Protein chains: 2
Amino acid sequence: MQSSHTETIDAFRRLCRQKGIAATHQRHTVYQCVMNSKDHPTPELIYERVREEFPFISLATVYKCLHTFIDVGLLKPASLHHASLRVDPNLHRHHHLVCKICGSMTDVGDDQIVQPRFVGKLPRGFRVEAIAVEVIGTCADCQQQVQ
Amino acid sequence: MQSSHTETIDAFRRLCRQKGIAATHQRHTVYQCVMNSKDHPTPELIYERVREEFPFISLATVYKCLHTFIDVGLLKPASLHHASLRVDPNLHRHHHLVCKICGSMTDVGDDQIVQPRFVGKLPRGFRVEAIAVEVIGTCADCQQQVQ
DNA sequence: CTAGCTGCAAAGTCTTTGCCAGGAA
DNA sequence: TTCCTGGCAAAGACTTTGCAGCTAG
C-alpha cells in the first residue's frame, strides 16, 4: 500500500493544487485506496477499505471525495448506467449510442459496426458470451442545449 | 399503439404460455409499452406511459412485470451496471470484461482489442467521443460456483 | 483568517418485499 | 379450485443534503 509515503503525499498535494482542490487526509486516503484497486470498487467497498486505516471517515465523505475526483478528472465512473434500470426490447445482437449528458440510448445495428476482436491472448478463465459496444458521446439534442 | 388488438393479445397469450407465465392485462400492457419504445425506458417512465391506458397499475407491478420478462427472456436489461456507482482509476483508453453473474469488471488494454468501426453512415447529429467495449461473460470464480 | 471540507443525521431516490384479495388456468 | 399475480404500504439499498465545527492554504 505505502511505498514512499512522503513522496506520495507530496505527489497528491501537487495533484490537488493543480486541480484546485484542497488536499485533505481523507481525500488522500480515498485516492490511494482507489488507485491501488484492481477491481472497480463501489463507494461502500472503498469505505470499508479506507476505514481500516482511517476509522473515523464517514460514508458521505467517501461519496463526496469520489464525486470531487470525478469532477476534476482524477477518476472516471466505470459506467454511465448506475442510475436506474433500463430495459431493452431488442433481443437481437446490437449496440448502443449513449449520450453522456442525458443518458439516452439509441440502438445501432450489429451490421453497422465492425465487431471488435481480441488480439493475442484471451483473458484467462473468463468465458466470453457477448461483446457489447457502447458509442459514447453527445446526442443532437444535448449539443443544442449546451450551445 | 394498437394495430390489430385481438391479434396482439393472442400473440401475447401464446408467448406467455410458451414461457410458463400467466397472461394478465397488466403484463400485456407493460409488454406492449416496452416493445413500442424506441428509447430504453426506465420503470418509472414505463409506469407513466402505461398509466395512460391503465390508470390503476402500481409501480411495484411494473417492476415485477419487468423482472418477470427479463427472467423468461422476453426482455433484457440495457446494461449490467444499474446497481451502484463504480469508479475507475484507469484514465487511459481501455475496455472491460464484465461478469454477468457477480458484476466484476476487469480491465482489458486498448491494444488487446481491435477497435470497432462504423460501417457506412454514422448516426445523424450524434457527436462520438469514445467507444467502450464491454466483453460480457462469466468470470472464472463464478464458473466454479455454478458447477 | 477565510473558504472549503468533514461528520452526522435526516431526507431523497430507486427498488424490493410481505401480505391479502382477486384473477388466470 | 388452485396457484399465481396485483396493489398497497412498509422496508431496504444506495445516495445526497444541510448544517455546525474544523482544517488547509
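Here is the naming used below: chain letters follow the sequence lines, and residue numbers restart at 1 for every chain. Keep in mind that what you see is a predicted model, and the values were worked out from it rather than measured.
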Taking all heavy atoms of Gln143(B) and all of Phe126(A), pick out the closest pair and write down the distance.
NE2-C, 4.0 Å
Selection from dC8(C), dT15(D), dC8(D) that lies nearest to any side-chain heavy atom of Ala60(B):
dC8(D)
Verify whether one side chain among Asp107(B) and His95(B) offers a donor that lies under 3.5 Å from an acceptor in the other.
no
For [X] and [N], give me the distance from atom [atom1] to atom [atom2], rounded to whole Å.
| X | N | atom1 | atom2 | value |
| --- | --- | --- | --- | --- |
| Leu66(A) | dT16(D) | CG | C1' | 13 Å |
| Leu15(B) | dA25(C) | CG | P | 13 Å |
| Leu59(A) | dC14(D) | CG | C1' | 9 Å |
| His67(A) | dC14(D) | NE2 | C1' | 11 Å |
| Asp71(B) | dC4(D) | CG | P | 15 Å |
| His28(B) | dC4(D) | NE2 | P | 23 Å |
| Ile46(B) | dC14(C) | CD1 | C1' | 14 Å |
| Leu85(B) | dC14(C) | CG | P | 15 Å |

Going by the angle between their ring planes, with limits at 30° and 60°, are Phe12(A) and His28(A) parallel, tilted or perpendicular?
tilted
Exam field: side chain Arg117(B) to backbone Val114(A), donor-acceptor pair closer than 3.5 Å:
no
Under 4.0 Å between a side-chain N or O of [X] and OP1 or OP2 of [N]?
| X | N | result |
| --- | --- | --- |
| Thr61(B) | dG7(D) | yes |
| His82(A) | dC14(D) | no |
| Gln26(B) | dG7(D) | yes |

Give a yes/no verdict on a cation-pi contact between Arg49(B) and Tyr47(B), requiring under 6.0 Å between NZ or CZ and the six-membered ring centre and an angle within 45° of the axis.
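The answer is no, since Arg49(B) fails at least one limit relative to Tyr47(B).
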Please check if atom NZ in Lys100(A) has more than 12 non-hydrogen atoms from other residues, nucleotides or ligands closer than 6.0 Å.
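Not buried by this count: 12 neighbours or fewer within 6.0 Å.
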Salt-bridge criterion met for Arg93(A) and Asp88(A) (N-O under 4.0 Å)
no
Regarding Ser84(A), tell me which of base, sugar-phosphate or nothing describes its non-hydrogen contacts under 4.0 Å with the strands shown.
sugar-phosphate
Between Phe54(B) and Glu44(A), who's closer to the 5' end of DNA chain D by nearest nucleotide?
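Looking at the nearest nucleotide for each, Phe54(B) comes out on the 5' side.
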Strictly under 4.0 angstrom, non-hydrogen atoms only: write out the protein contact profile of nucleotides 19-25 of chain D, one letter per nucleotide from the 5' end, B, S or -.
-----SS
